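Predicted, not measured: the structure shown is a model, and the values here were computed from it.
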Number of protein chains: 2
Amino acid sequence: MIRRMSRARERGIPDATVARLPLYLRALNGLSERSTATVSSEDLALAAGVNSAKLRKDLSHLGSYGTRGVGYDVQYLIYQISRELGLTQDWAVAIVGVGNLGRALANYGGFVSRGFRVAALLDADTAVVGEHLVGMAVDHIDQLEEVINQRGVSIVVIATPASAAQQVADRVIAAGITSILNFAPVVLNVPDGVDVRKVDLSTELQILAFHEQRKAERETGSPMMADDWAEAMDA
Amino acid sequence: MIRRMSRARERGIPDATVARLPLYLRALNGLSERSTATVSSEDLALAAGVNSAKLRKDLSHLGSYGTRGVGYDVQYLIYQISRELGLTQDWAVAIVGVGNLGRALANYGGFVSRGFRVAALLDADTAVVGEHLVGMAVDHIDQLEEVINQRGVSIVVIATPASAAQQVADRVIAAGITSILNFAPVVLNVPDGVDVRKVDLSTELQILAFHEQRKAERETGSPMMADDWAEAMDA
DNA sequence: GGCTGTGAACAGCTTCACAGCT
DNA sequence: AGCTGTGAAGCTGTTCACAGCC
């Protein structure tokens, strides 16, 4: 029986597209809650805050899931994007570092909702170990490898101080982890094949400050030429 | 007196470059702590985790601050990048939403260190209002506009639930704010001229999940063809 | 000799504009 | 008529490779 592949599925979705899929998914979930059955690229793009041509091109990388003259079926598209992102299975996540940030992450609702499950909390501070959070005891960092293996953790979130981050990364990578979300303000050194994504508050603030400064300069016309290096360094 | 501008300073630094300057700054501060006087593009690039040609091109957008045959003066470069990013002045930041995340942000050390100062904490919950955090009382959200004006706030961090974020954004923009760092998982609708940067935990996790899934597929060879849509939707 | 700064080639992403399907 | 999917054009960002300066 000659059975063409229904869709010549292109492997290799552009990174820029992958980075936007979560955005589309969220917009679609919003539409879904309001019981919208189908949506045009124009409307979905508006909800996601992107240009509609870009949206269509992005979606075309996943396959031909729209209907010309009509638009996209909301439920179907939610499913296809979820599947592409790997959210139809669920991922066990370990959070290392249960300080303020670690707690915030553990309590973060959107976490559990879609495909992710906090499967472990770990900390080096014995005052924190044993404490219960979101119905889970905090384990000691000594158990790191054991916990990862036993609970099938595949994504590790590093929410430790900067000084501990590299060491934690080394250990989890040795334990077989290849996906890390790093909140510590350091550049992690990792071997090829390990994906690290970085969330960095102070970087974001600095980028905002840059643009804010530019706006101020534009208004006053003064480029704030404090070019006297020696003087400035006295401060 | 004929006084040529010391450097024909190019306006319009590429966004990609601006986004990396904080990274370089951090690497430089590390070198500075270890009392390194000068550094080559090769070494600095290594510390920052980028390619050295890219580093040189990035720095060349700020001016000609290196010395051929030698490298860059660490202190001088720190100063120039800081100035370009607007970190030689300090920015008053307001944090709206004092939940777990807001607390984590308020306590975040790197915050204060370089150019940023938490000048206000605001929340809608009267149980939280009045509480003291990092030596500062939490104000009620009703005072939002007043606090922004009185304390010279120029950057607002939104750490509220998703449902409140747009409303907060509208109010701070009306009060004159043009730089927002948004942690709430929604697309904020803002007028032109307002910069919004977004930090989104679940987006980052979803991107990691995508790559993790790809790795798994590559190993097993199975593309996990759960193409039966109806069946999958039963779940 | 060593290292920066940069033109030129290249790669990737975005936007346009429209052919083609419903 | 309406809307998707996509070639083609344009733009932005990256990398190469080397001229130019120390």
Using atom CG of A:Leu62 as one end and atom P of D:dT4 as the other, report the distance to the nearest whole Å.
-> 15 Å
Gap between atoms CG and P, on B:Leu59 and D:dT15 respectively (whole Å) = 15 Å
So, is B:Thr67 near the phosphate of D:dC22, with a side-chain N or O under 4.0 Å from OP1 or OP2?
-> no
If only atom types and distance count, is the side chain of A:Gln166 paired as donor or acceptor with the main-chain N or O of A:Asn189 below 3.5 Å?
-> yes
Length of the line joining A:Leu77:CG and D:dG5:C1', which is rounded to integer Å = 14 Å
Do A:Val199 and B:Leu201 pass the side chain to side chain contact (heavy atoms under 4.5 Å, CB included) test, and can you show the C-alpha distance, the side-chain angles, and the key distance before you say yes or no?
-> CA-CA 8 Å; A:Val199 173; B:Leu201 170 61; over 6 Å; no
N or O in side chain of B:Tyr72 less than 4.0 angstrom from C:dG5 OP1/OP2 = yes
Student check: side-chain heavy atoms of B:Thr88 and B:Tyr79 closer than 4.5 Å | yes
Consider only side-chain N and O atoms of B:Ser179 and A:Glu212, and report whether a donor and an acceptor are under 3.5 Å apart.
-> yes
Between A:Gln80 and A:Tyr76, do the side chains contain an N or O donor and an N or O acceptor separated by less than 3.5 Å?
-> yes
From CD of A:Gln80 across to P of D:dG5 the rounded distance in Å is 12 Å
State the CZ-NZ distance between A:Arg20 and A:Lys54, to the nearest 0.5 angstrom.
-> 4.5 Å
Could you give the CG-to-C1' distance, from A:Asp58 to C:dT14, as a whole number of Å?
-> 10 Å
Residues touching DNA chain C, which here means a heavy atom under 4.0 Å, drawn from residues 32-47 of chain A | none
Starting at CG of A:Leu181, measure out to CG of A:Asp195 and round the result to the nearest 0.5 Å.
-> 11.5 Å
Between B:Arg56 and B:Glu42, is there a salt bridge with N-O shorter than 4.0 Å?
-> no
What pairs of nitrogen or oxygen atoms, one from the protein and one from nucleotides 18-21 of chain D, lie under 3.5 Å apart?
{"from": "D:dG20", "atom 1": "N3", "to": "B:Arg68", "atom 2": "NH1", "distance (Å)": "3.2"}

Donor-acceptor pair between B:Asn29 and B:Glu33 side chains, under 3.5 angstrom = no
Between CG on residue B:Leu23 and CD on residue A:Gln206, distance to nearest 0.5 Å = 10.0 Å
What's the CG-P distance between A:Asn51 and C:dT15, to the nearest Å?
-> 5 Å
Please list each protein N or O that sits under 3.5 Å from an N or O in nucleotides 8-13 of chain C, with the distance.
{"from": "C:dA8", "atom 1": "N6", "to": "B:Lys57", "atom 2": "NZ", "distance (Å)": "3.2"}

Whole Å only: how far is the CG atom of B:Leu55 from the P atom of C:dC3?
-> 14 Å
Just how far is it from atom CZ of B:Arg197 to atom CD1 of A:Ile207, taken to the nearest 0.5 Å?
-> 4.0 Å
